[in-house]
2 protein chains.
Amino acid sequence: MPRVTVAYREARRDEIARAALRCLVRKGVRDTSIADIVTESGLSTGAIYSHFSSKAELARYIVARYLVPHVETLEARARKGDVIAPRAVLATLLRAFEEHGLPPSVVVQFWAEAMVDPDLLAQVSVTAERLRASLQAALQPWADASGVAAPAVLAADTVRAVMALTQGWIAHTAVFGSRSVNSYIESATAALTE
Amino acid sequence: MPRVTVAYREARRDEIARAALRCLVRKGVRDTSIADIVTESGLSTGAIYSHFSSKAELARYIVARYLVPHVETLEARARKGDVIAPRAVLATLLRAFEEHGLPPSVVVQFWAEAMVDPDLLAQVSVTAERLRASLQAALQPWADASGVAAPAVLAADTVRAVMALTQGWIAHTAVFGSRSVNSYIESATAALTE
DNA sequence: ACCTGAACACCGTTCAAGT
DNA sequence: ACCTGAACACCGTTCAAGT
């Protein structure tokens, strides 16, 4: 029987996760220790471990708690118009990402963590699948209007491409420094259409 | 005064780096310990530290030693033809990458390391700059033939786009599983040209 | 039930001692 | 000069003891 309410527990988890996220943004995933999170949150080691079974589970919680709202914002934006072209979806996706607080460098570090933590990879995959399904729905009118034989296949392939292009922008921005969304889309288009 | 030749020293560094790379591919960057490299190489902790000042310097050496040859192979391929379109450069780049042994998941992990190790970021930047300059030279004939007012600017922008598209393929493959080079290029083109 | 903080196993790195 | 491996500071995690 819980002595505190579920809401209290969730608030406490959130408090820890927010403190952890501030550390991650400041110091990076590898260089953030439990001791850092203890200092940042003002709690003790044991308190953190009574809410999360491990550092890895805390990372998974952060992905679920702070990346999913990002995805929801992106979903909402992608559905604002009616017939939306893939370029517009990509631009919306990248601009929404730019405006949100999560730095590309942190996203790349979570990808790397997922390469080494199967549970985190599963978490990332679930989040990505939600985004994928939603973007595909947003692109369906465009695919239908394209007059192609199999518009569902076109929409599915196009969404994967949009997601890969988003990842390209994130990785490029993280490694080589900030890059304008417009010039990325324009030069990628020029490169592919020759 | 060195008791052994420079060549011997370099061979020893290589021996350690190769053992380390086998560990990285098998266990991931974060989960490879010095103890693992000691076991894999058959040397002692001290022997490794008498050749590399830290684990970070070993990582930098691996990037310089095993990524630069990749880059050289890509450079060579990119220059095989005469007037090469960006799509062909991208396809060559991705296919060369596919055929070489370095898994995309390891590349993503090195990006993440670079986010947290300024010296490694500098190393990655130097390697990338070499590749960039070489690909730009390979694309110059195409840019000149395009009849645009500033072909040098077009070539420079296009190369950045090709590199970002390559990073997109690497990140997408690492996170969502293996993806065919052709379908990636085709669906990205379809997405951008609407 | 939730929390504390000392204790534990393990990590990267150092260094006195060998050859 | 190169190498050994015990020693050190620090990491993530556990757990007996408090409230």
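Proteins come first, then strands; the chains are lettered A, B, ... in the order of their sequence lines, and each starts at number 1.
Ser33(B) comes within 4.0 angstrom of sugar-phosphate atoms only, judged by non-hydrogen atoms across all strands, and of no base.
Without hydrogens or angle criteria, Glu57(A) side chain to Ser53(A) main chain gives a donor-acceptor distance under 3.5 Å. In terms of modelled atom types and a separation under 3.5 Å, the side chain of Ser134(B) and the main chain of Arg130(B) share no donor-acceptor contact. With hydrogens and angles ignored, the 3.5 Å screen pairs a side-chain donor or acceptor of Tyr184(A) with a backbone N or O of Leu165(A). With hydrogens and angles ignored, the 3.5 Å screen pairs a side-chain donor or acceptor of Thr39(A) with a backbone N or O of Ala35(A).
Relative to the side chain of Ala47(B), the nucleotides dG5(D), dC3(D), dT13(D) differ in distance, and dC3(D) lies closest. Closest to the side chain of Tyr49(B), out of dT13(C), dC3(C), dT13(D), is dT13(C). Distance from the side chain of Ser44(B) is smallest to dG5(D) among dC3(C), dT13(C), dG5(D).
Distance CD (Glu113(B)) to P (dG12(C)): 11 Å, rounded to an integer number of Å. Between the CD1 atom of Ile48(B) and the P atom of dT4(D) there is a distance of 10 Å, rounded to whole Å. Atom CG of Asp117(B) and atom P of dG12(C) are 15 Å apart (whole Å). Atom CD1 in Ile34(A) sits roughly 15 Å away from atom C1' in dC10(C) (whole-Å rounding). Taking atom OH of Tyr8(B) as the reference point, atom C1' of dC2(D) lies 8 Å away to the nearest angstrom. Rounded to an integer number of Å, the gap from CZ of Phe52(B) to C1' of dG12(C) is 16 Å. Remark: C1' of dC10(C) and CG of Asp31(B) are 13 Å apart, rounded to the nearest angstrom. Protein atom CD1 of Ile37(A) is 11 Å distant from nucleotide atom C1' of dG12(D), rounded to whole Å.
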message = Under the criterion salt bridge (Lys or Arg N to Asp or Glu O under 4.0 Å), I'd like the reasoning laid out for Glu15(A) against Arg12(A): C-alpha separation, chi angles, the key distance, then a yes or no.
response = CA-CA 5 Å; Glu15(A) 191 188 335; Arg12(A) 205 68 158 153; 3.1 Å; yes

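Pairing partner, dG18(C): dC2(D), with both Watson-Crick or wobble hydrogen-bond distances short of 3.5 Å. Summarising the base pairing, dA7(C) is matched to dT13(D) through a Watson-Crick or G-U wobble pair whose two defining distances lie under 3.5 Å.
Along DNA chain D, the nucleotide closest to Thr32(A) and the one closest to Gly46(A) are compared, and the more 5′ of them pairs with Thr32(A).
Contact between the side-chain N/O atoms of His51(A) and the OP1/OP2 oxygens of dA1(C) is not found at any separation under 4.0 Å. Dashed line: the shortest gap from a side-chain N or O of Ser50(A) to OP1 or OP2 of dC3(C) is under 4.0 Å. Put simply, Arg12(B) has a side-chain N or O that comes within less than 4.0 Å of OP1 or OP2 on dC3(D). For Arg9(B), no side-chain nitrogen or oxygen approaches OP1 or OP2 of dA1(D) to under 4.0 Å.
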